[in-house]
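Atoms within a ligand are numbered from 1 in the order they appear, just like the ligands themselves. None of these values were measured; they are calculated from a predicted model.
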Amino acid sequence: MSERYRKSETLLERARRTIPLGSQTFSKSLTQYPLGVSPYFIQRGKGSRVWDMDGNAYVDFVNGLCAVTLGYGDPDVTRAVEAQLKDGVIFSLPHPLEMQVAEAIVGMVPCAEMVRFGKNGSDATAGAVRLARAYTRRDHVAVCGYHGWQDWYIGATARNRGVPKAVRDLTHVFAYDDLDALRDVLTAHPGEMAAVVLEPMNAQAPKDGYLAAVKELAHRHGALLVFDEVITGFRYANGGAQEYFDVVPDLACFGKGLANGYPISALAGRAEVMKLMEEIFFSFTFGGEALSLAASLATLDKLKREPVVATMRRRGERLMRGVEGLLRRHGLDGMLTVSGHPAWSFLNFRDAGGYSLYEIKTLFLQEIFARGYLTLGTHNISHAHSDADVDGLLAAYDEIFPLLKGAVEGRKLAQLLRCKPIEPLFKLR
Ligand SMILES: Cc1ncc(COP(=O)(O)O)c(C=O)c1O
């Protein structure tokens with residue numbers, strides 16, 4: 001047992017007796033946090049910081065997997081939730097907050113004329129696919145990126161146990177930023193594709209005109225265009241990636257970032273398509289849960305009132321510029337690059353010197369957690385991050401990058417690792 005994470009590891013052992021993996025989310029589990037060099041439980045968070053069960057403090061660049069955009073315990077959101085809590089959480093009829101949040105989204109997101117709510121991003125993406133199938137009267141979907149845990153999508157990945165083949169056969173993966181790849185999928189299933197579903201961007205920026213061409217191609221083949229903006233929404237711009245890139249899809253899915261970490265997601269889109277939600281089945285007990293709606297309204301208000309997104313972008317730019325400088329200075333070109341949007345950027349690890357990217361990443365995680373920074377190799381910026389938080393992370397990288405390089409070039413990575421390397425869940429992005 002490690003000294004620094006003693007309580008976390010003890011709790012993990014206990015949790016694993018009643019909870020498979022000891023976590024509700026793969027990305028918060030020991031599949032991503034190598035055992036022996038990682039915390040497993042967080043006690044509380046404030047602003048840009050969290051504290052684990054052993055009392056270690058971290059500047060958090062994971063931020064609840066991108067859900068926390070304003071910062072932990074944002075006072076405006078907390079006030080709104082406290083006020084709503086006095087009135088109640090769910091009722092036997094809708095609360096007017098439902099339409100207030102729908103109206104706020106319609107006012108901010110270009111494609112949004114009507115809105116329905118869910119809880120997780122997967123609710124929104126599964127709803128979008130069912131709606132597109134109902135609207136087009138077709139069954140197949142083309143996908144690119146990650147879209148959640150439901151059969152329709154996860155069946156197309158390597159982690160598809162439990163998904164019937166009949167469902168798997170309806171989902172077709174295409175490569176990002178490669179129009180020919182999409183064209184091939186569409187022409188292989190003429191008249192069958194209900195939707196083209198993609199993250200408008202994740203680690204890689206699209207070539208000029210790519211997203212507009214995807215829209216044109218989808219429509220030419222009679223499919224709806226669905227942007228999965230579960231992460232890019234309310235992060236790239238107040239109107240999401242569709243505003244940032246000026247390409248308006250038929251439908252868009254939102255989740256993380258909609259309510260600063262409260263559980264709510266949304267499917268939004270053209271009224272003519274969304275109206276069909278009245279005919280399909282998309283309905284659940286907690287769909288109109290009022291605390292998350294109150295949190296969402298307060299979050300969206302703050303986005304409109306204050307330069308939240310612009311500030312996050314500036315902080316992220318400072319970080320990306322800093323990382324690029326460090327990679328150059330320490331000569332890590334072959335092993336590590338940085339890419340993405342400033343508000344959600346990625347360290348891209350590569351195999352090097354006979355070591356797999358997972359071995360190199362594990363050493364990175366061991367060293368970054370030990371220095372009081374939480375990141376899984378992405379920089380999920382929140383409005384609460386300060387320039388000092390960013391500079392602190394860069395100072396930690398300034399120590400870790402030469403260590404990684406020395407470990408690889410000196411063939412001593414295994415010696416430096418105090419844990420087993422992580423293994424890929426399945427390649428997402
Ligand atoms: C782009 C994207 N879509 C959909 C989802 C699924 O959201 P959830 O995990 O809330 O169901 C995620 C989650 O990571 C995501 O990143």
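Between Val230 and ligand 1, no pair of N/O atoms sits closer than 3.5 Å.
Here Glu359 pairs with nothing under the salt bridge (Lys or Arg N to Asp or Glu O under 4.0 Å) rule; sequence neighbours left out. Under the rule for a side-chain hydrogen bond (donor to acceptor under 3.5 Å, both in side chains), the partners of Thr31 that lie at least two apart in sequence or sit in another chain are Ser29.
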Worksheet entry | Verdict with supporting geometry, Glu229 and Thr232, side chain to side chain donor-acceptor pair (under 3.5 Å) | CA-CA 5 Å; Glu229 297 231 41; Thr232 56; 2.7 Å; yes
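Ligand-side atoms of ligand 1 in range of Asp228: 1 (C), 2 (C), 3 (N), 4 (C), range being under 4.0 angstrom from any heavy atom. Close contacts of ligand 1 with His147, meaning ligand atoms under 4.0 Å from a residue heavy atom, involve 3 (N), 4 (C). Set against the non-hydrogen atoms of Ser122, the atoms of ligand 1 under 4.0 Å away are 6 (C), 7 (O), 8 (P), 11 (O). Residue-ligand proximity, Gly121 to ligand 1, at heavy-atom distances under 4.0 Å covers atoms 7 (O), 8 (P), 10 (O), 11 (O). The ligand atoms of ligand 1 that sit less than 4.0 angstrom from a heavy atom of Ile231 are 16 (O).
Residue contacts with ligand 1 for Asn120 involve both N, CA, C or O and side-chain atoms from C-beta outward (heavy atoms, distance under 4.0 Å). Of all the heavy atoms of Glu199, the ones lying under 4.0 Å from any atom of ligand 1 belong exclusively to the side chain.
Remark: aromatic rings of Tyr40 and Tyr5 are distant, center separation not under 6.0 Å. Side-chain rings of Tyr355 and Phe349 stay apart, their centers remaining 6.0 Å or farther from each other.
Residue contact annotation: Lys256 has a non-hydrogen atom under 4.0 Å from ligand 1.
In this structure, the separation between NE2 on His189 and NE2 on His172 is 3.5 Å, given to the nearest 0.5 Å. Remark: Lys361 NZ to Tyr358 OH distance equals 8.0 Å, nearest 0.5 Å.
Among Phe26, Tyr146, Trp149, the residue whose heavy atom sits closest to atom 12 (C) of ligand 1 is Tyr146.
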